[in-house]
Every structure is written in structure tokens, then in C-alpha cells.
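First the proteins, then the strands, lettered A, B, ... as listed; each starts at 1.
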Amino acid sequence: MYGRCGALDDARKVFDELSERGIGDVVSWNSIVATYVQAGDCRNALRLFDRMTWDSGHVPDAVSLVNVLPACASLGASIQGKQVHAFALRRGLSEDVYVGNAVLDMYAKCGMLDEASKVFKQMEFKDLVSWNAMVTGYSQVGRFDEALSLFEKMEVEKIESNVVTWSAVIAGYAQRGHGHEALDVFRRMCLSGSEPNIVTLVSLLSGCASAGALHQGKETHCYAIKCVLNKLDNDPGDDLMVINALIDMYAKCGSAGVARTMFDLITPEHRNVVTWTVMIGGYAQQGEANGALKLFSEMVNQANFIKPNAFTISCGLMACARLAALRFGTQIHAYILRNQYDSVMVHVENCLIDMYSKSGDIDAGRVVFDHMQHRNTISWTSLMTGYGMHGRGDEALWVFNEMRKAGLVPDGVTFVVVLYACSHAGLVDQGIEYFDAMDRDYGVVPGVEHYACMVDLLGRAGRLGEAMKLIKRMPMQPTPIVWFSLLSASRLHGNVEFGEYAANKLLDIESENDGSYTLLSNIYANARRWKDVARVRSVMKSTGIRKRPGCSWVQGMKGTATFYVGDWTHPQSQQIHEVLTDLILRIKALGYVPQTSFALHDVDDEEKGDLLSEHSEKLALAYGILTTAPGAPIRITKNLRVCGDCHSAMTYISMIINHEIILRDSSRFHHFKKGSCSCKGYW
DNA sequence: TTAGGGTTAG
């Protein structure tokens, strides 16, 4: 009775008393073991089971084994589990379907699927639980194809699935990001007459979230209100789980507003750490990184304190990485160090590497990397990506070699990063070598993303003809990213012919991308083909496509300041413009000539020069100079690619100011120092 | 006495 009520101490007292008086029997041993398992204290459950087997004079029966096996499973204690299995075989208890199922499940949970499958095949009598344990076992170790084929076999053998089977299959699809398939299974489940429950809905919502299927997510929401939520015998924790899954679904499907409304409807004392995390993560992934950081601060400062877990911290760092919010990111790093996050540290540390490198301080990312106790493939590739973004190609390739020495096998993503690093550092020959080697030496077949990297690599280096030849040689259809790489390279090298070709291909495939139109009109402007510029602009106008406004932000003393082109809204605008005018006068004396083609207007050169001088990145720089301590770097982030004229101006300005200018644009980092830029023209 | 569930990184 005490055991069933969760009163572990009381149950133990009664058990010890019975033992002392010598009147304990197998049932009392079984009950106490079960009580420990239920309380989550599997270690003590195992200890008691051992005492029962060796010291008590009683012989474990089928119930004892069924009690102790889940404890082995949840500890991953496969050696003890195997001993229990051997005991069952010796005692002839393995015929019992309960015992068989528990053994099978123990092997599955310890990741020993081949052992589990052997047990499954040898079972003379299988029930639905046996099949379900096998299906979920395969699914959870990532052998989802085998899980599915078992699921299909169940149909063939006319074994009727129950809610557990259906939910497990839905969850399997959802975990792999195959939301549409999850939805299909859900429909089949409803047709089969099986009634979805909370677990089904939570799994399904996770699938909708990963598929971005808002409509089906809403349908699931209706179903939840009608049939599942707020039922009298529901555990309130289960209801919250569904609500959390709904918030996550709405946020990931682009309805952060709806998600926020649901979040606000839950009173703070009812929210748990996942409620906060899904909302923060939703903002961070939907490009509302400012909202994410605001909520993160609110979470750690609220009266009803809930400690952020590794997931929350990762989401916060992701938001910092997007915004290049170095100061906030550093504060989160300090928070981690103060608050002991021992478990699942790898994930958080990987986020730290990413945050530091995307915020302009790749050396700090390297320090995090060097201090890691355990590293996985993502740790190595994150560091490599960082070096690549900063144009430090040699160091990126060094990381690649060290990674191989550490025994890690490069995969498709690794090679994207390697090629990206070569491209951004102008290491053309090495890039070609790696591209040739990836299939030959590593067995990684180049995908469309690797071809895109190669087009980028050759294109940046001005080898446009070779890039075009490579596209023609591709064994698959080029995706927009391939043509976009060719188009960017054509813009960089002022090649109208290739630019037009790539732009036409791109507009055939996806006509909504403002970036393609802007690049093409830049190419025409550079060639002074104003009629073509006007034509592109009129197409944009008639199709309603608008160029995204350029926007830059800089971390000043009083927080982050944001600027748009020609922006006069900042309270210090007057001063900012004075600084800028003065700087431009001074660099003109050093040889700077405004590159008017970037102004995109068919007006006379003097006026174009004026428009250029108000580009957002220049305004951000002037503000940075006003608010940054002498000698400290100025960190600017831009949402689009830096304009060529601004790039040239910043190179000159870095000769006359006592700051390094660290600029992150949508493509990479530029470090301007003493008259040169780290990108060496490769942007 | 056995089976299923939500949030994170390249």
C-alpha cells in the first residue's frame, strides 16, 4: 500500500520490519523492488534484487524479473540485464510473455537491438506489447526503417495496433522532421478507430512544427480542445505538455504572435522550463532574436524563478549569435560558469563556439573549444565554420586535419564547411582538391550544396567560365543557391553576360527573391546600362517585389543602435553625420573615390555620392566611433551584403582611426585594420 | 508486473 502511494520511506520501514522478524516472502521483496523502481531509484532497486537473489533464501519469480528489468533498462545496465535474462532462461521463466517483453524492452533500451530482435523472434507467444517494444526500440536508436517495416508486418499479420503503436510511429516521423508523414499516419490512425490521446497529440504537434504545417497544427489544436485537454482525470502536467507543444508548433509555423498569446495565457506559476524554452526558441528561430533575449532576461529575473536548462541556454545563445550580441552572449557564458551545467554540456559549448564566432570573436570561440572535456563532430565543424567566416582558411583546414586525427569521420556537412572556408579565403586549388577527394577518399558523394560551394569558390576567384562548366556537369538539377552563387560572382567581377544568364535561371525558378533582382540591377548599373536598370526596377514594381531595406546595428555604450539608409531618427543624428562628413573628406584626401555605381540611381555623380554616404553601415560606423573606447574594436552587423563603396570607405577609414572595424554581413566577416580587409576581396 | 510524449548546436 505504502509503495503504491509513493511513500518510499514508510514502505521501506515495513519491509525492514518484516525481514527482521523473518516473515518476509517473495511478494514483500517484489513490492519493495517495485517501489524503488517507481520512485526512480533504480540503483537501490538493483541492489535489493541482488540481496534477494543471494542472501534472502528466496528465489525470484517472474514478477521479480519483470520488476527489476525496467530498472536495468533505465540505467542502461546491460550486464545486469543480461544476467537476469540468463537467470530467466535457467529457471524456465522466459516463456512467460511478461518476462519476455521485459527482457526484450531491456535490450532495446540498452541499445542492443539485435539481442532484442533475437528474443522477439524466439518468443513463442507474442502480444501487442512485444511488437510495440520492438517498434519503439528500433525507432529510438535511429533504425526507423526497421521500425516501419515491423509496423507494416503487424498489419500483414493482422495484429491490431493500439494508441501506443500509432503514437510511436508518429513520434518516429516527427523526430526525423517528417511532419507530413506523421500527419498521414495520424489520419490512418483515426480511420482505424484508435483514439488519439495526449501522447499522440504531443508527437503529432512536434511533427507539424517540423513540417511548418500550420493548418494541420490548427486542426490538431481544435482536436485537443474538443477531445483531450482539460479532462477531469488528466494529469495537469500532461495538459501543460500539450500546451507547450502547441506554443512550439505555432512559433515554428511562423505564428509567433499566437504562440505568445498562449504563453501569456498561462500564469507564471503554471509555466515550466519547457514553456519558457519553446517561446524563447520560437522567437530565436523566427528572426525575432530581440524578443528572445528580452524573454530570456524576463525568465531569469522573475520572482517565480525557474532555472533555465541546457535547452533554454542554447536558445538564448542562438538568439545572440543571430544578432551578434556579444555582450549578452558573454553574460550568458558567465551565467553558465556560475551555475554549474555539468550534464549535456557539449551542446551548450557548441552553441558558445557558434555565438562567439558569429559575434566577431572567433578567438574566444577557440578558447571554449580548447577547454572542452568532450567534443563531437559539431564542435569541430562549428570552429571550422567560424574560421571560414572570418576568412582564416588555413586555420579552418588545420581544424579539419586535427579532426581527422582525433578519429572523427567527415560527413557531407563537414565538406560544405571545408569548401566554404576555402572559398572565403581564396584557397581555390585546395578547394578543388578537397572537392575531388571527398568521394574518392572519404566516400561522401557531392550533393547539390557542394556544387554550390564550388561555383562560389570558382566564381569569387573570377573563374566564371569554369564555374559555368561545372554547373553544366552537375548530375542533378541546379537549385537556386547554385545560380545565386554564380550571380553574386558575376556582380563581384562585373560580368554582365554570366550575370544575366544566372539571373534569368534564378527568376525562372523563384521569382520572389528580391536579392536576385538587386544583384542584377547592380550588375547593369556597374556597366552603366541604365535602361536595363530601369527595366529590372519596373519588373520589381509590377510584381510587387521590394528590395529589403539595408539595416545595420552596432553595439554602443548604451546598448545596440540600429540604422537604416539615410536614417535621421537617432537622437545623435546630427553628430553622426558630422563625424561621417569629416571622415569622408579626410579619406578622399588619401585617395578614396566614391564608387557611384552602388547607388543604383541614374542621377548625376555628386548626388549619388550623397546617397552612398548615408548607407546604414556607414552610419553605424560613425556611431561606433562616437561611443567606443579608444583602441577597442567596433562591431557592426548588417542584414545584407556590405556595399562595395562602403567596403572601400571602411578600408580607408581603418587607416585613420584607432579601432579595428569588425563587420559581419550576410555572407561573412570583414576585419578592417590599418588600411586592409581580412576578406582580401573574397566577398 | 511489460510498450509510447514536448524544448538545443555545425
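Within the 4.0 angstrom heavy-atom criterion, base atoms lie near A/Asn376. The residue A/Asp411 sits close to a base: some heavy atom pair falls under 4.0 Å. Across all strands shown, A/Met318 has heavy atoms under 4.0 Å from sugar-phosphate atoms exclusively, and none from any base. A/Ile198 comes within 4.0 angstrom of a nucleotide base, judged by non-hydrogen atoms across all strands. Among the heavy atoms of the strands lying under 4.0 Å from A/Val66 is at least one base atom, whether or not backbone atoms are also near. Among the protein residues, A/Thr275 comes within range of no part of the nucleic acid, since none of its heavy atoms lies under 4.0 Å from any strand. Across all strands shown, A/Asn272 has heavy atoms under 4.0 Å from base atoms, whether or not it also approaches the sugar-phosphate.
Scored by the ring pair (Phe, Tyr, Trp, His ring centres under 6.0 Å) test, A/Tyr250 finds A/His221 as partners (sequence neighbours excluded). Residues forming a side chain to side chain contact (heavy atoms under 4.5 Å, CB included) with A/Phe311 (at least two apart in sequence, or on another chain): A/Thr277, A/Asn309. Listed by chain and residue number, A/Arg366 satisfy the salt bridge (Lys or Arg N to Asp or Glu O under 4.0 Å) test with A/Asp370 (two or more places apart in sequence, or in another chain). In this structure, A/Glu95 has no salt bridge (Lys or Arg N to Asp or Glu O under 4.0 Å) partners at least two apart in sequence or on a different chain. Contacts of A/Arg260 classified as salt bridge (Lys or Arg N to Asp or Glu O under 4.0 Å), with partners at least two apart in sequence or in another chain: A/Asp264. For A/Glu115, there are no salt bridge (Lys or Arg N to Asp or Glu O under 4.0 Å) partners at least two apart in sequence or on another chain.
Atom CD1 in A/Ile378 sits about 7 Å away from atom P in B/dG10, given to the nearest Å. Rounded to an integer number of Å, the gap from CD of A/Gln286 to C1' of B/dT7 is 15 Å. Between A/Leu150 atom CG and B/dA3 atom P the separation is 18 Å, expressed in whole Å. Rounded to a whole Å, the CH2 atom of A/Trp166 is 18 Å from the C1' atom of B/dG5. The distance between atom OH of A/Tyr107 and atom P of B/dA3, rounded to the nearest whole Å, is 17 Å. A/Leu104 places its CG atom 11 Å from the P atom of B/dG4, with the value rounded to the nearest Å. Rounded to whole angstrom, the span from the CD atom of A/Gln175 across to the C1' atom of B/dT8 amounts to 15 Å. In this structure, CG of A/Asp235 is placed 17 Å from P of B/dG4, rounded to the nearest angstrom.
Here B/dT7 is the nucleotide among B/dG4, B/dT7, B/dA9 with the atom lying nearest to any side-chain atom of A/Ser206. Considering only side-chain atoms of A/Asn309, the nucleotide from B/dT7, B/dA9, B/dG10 that sits closest is B/dT7. When each of B/dA3, B/dT7, B/dG5 is scored by its nearest atom to the side-chain atoms of A/Lys109, the top-ranked nucleotide is B/dA3. Among B/dT1, B/dG10, B/dG5, the nucleotide with an atom closest to any side-chain atom of A/Lys358 is B/dG10. Candidate nucleotides B/dG10, B/dG4, B/dT1 were compared by shortest atom distance to the side chain of A/Asn67, and B/dT1 ranks first. The side chain of A/Asn162 has B/dA3 as its nearest neighbour among B/dA3, B/dT8, B/dG4. The listed nucleotides are B/dG5, B/dT7, B/dG10; the one nearest the side chain of A/Asp248 is B/dT7. Closest approach to the A/Val164 side chain among B/dG5, B/dA3, B/dT8 is made by B/dA3 (side chain taken as heavy atoms from C-beta onward).
Against DNA chain B, the stretch residues 396-409 of chain A makes no heavy-atom approach under 4.0 Å. Listed in residue order, the members of residues 96-103 of chain A having a heavy atom less than 4.0 Å from DNA chain B are A/Tyr98, A/Asn101. Residues of residues 124-139 of chain A that place a heavy atom closer than 4.0 Å to DNA chain B, in numerical order, are A/Val129, A/Asn132, A/Thr136.
Identified under the salt bridge (Lys or Arg N to Asp or Glu O under 4.0 Å) test for residues 103-112 of chain A, with sequence neighbours left out: A/Asp105-A/Lys109. Judged as a salt bridge (Lys or Arg N to Asp or Glu O under 4.0 Å), not a single pair has a partner in residues 378-390 of chain A (not counting sequence neighbours). Counting only residues at least two apart or in different chains, salt bridge (Lys or Arg N to Asp or Glu O under 4.0 Å) contacts with residues 121-142 of chain A are absent.
The heavy-atom pair separating A/Ser130 from A/Leu104 by the smallest distance is O-CD1, 4.0 Å.
Contact check for A/Phe15 versus A/Leu48: side-chain heavy atoms found under the 4.5 Å cut-off.
Neither OP1 nor OP2 of B/dT2 sits under 4.0 Å from any side-chain N or O of A/Gln38. OP1 or OP2 of B/dT8 has at least one side-chain nitrogen or oxygen of A/Gln285 nearer than 4.0 Å.
Between A/His178 and A/Tyr173, the ring planes lie tilted relative to each other; the angle falls in the 30° to 60° range.
On a pure distance criterion of 3.5 Å, a polar donor-acceptor pair joins the side chain of A/Asn197 and the base of B/dG4. Put simply, the side chain of A/Ser203 and the base of B/dG5 share no donor and acceptor less than 3.5 Å apart.
Between A/Asp238 and A/Lys231 there is no salt bridge, since no side-chain N of the basic residue sits under 4.0 Å from a carboxylate O of the acidic one.
In this structure, A/Asp361 contributes its side chain and A/Tyr356 its backbone to no donor-acceptor pair below 3.5 Å.
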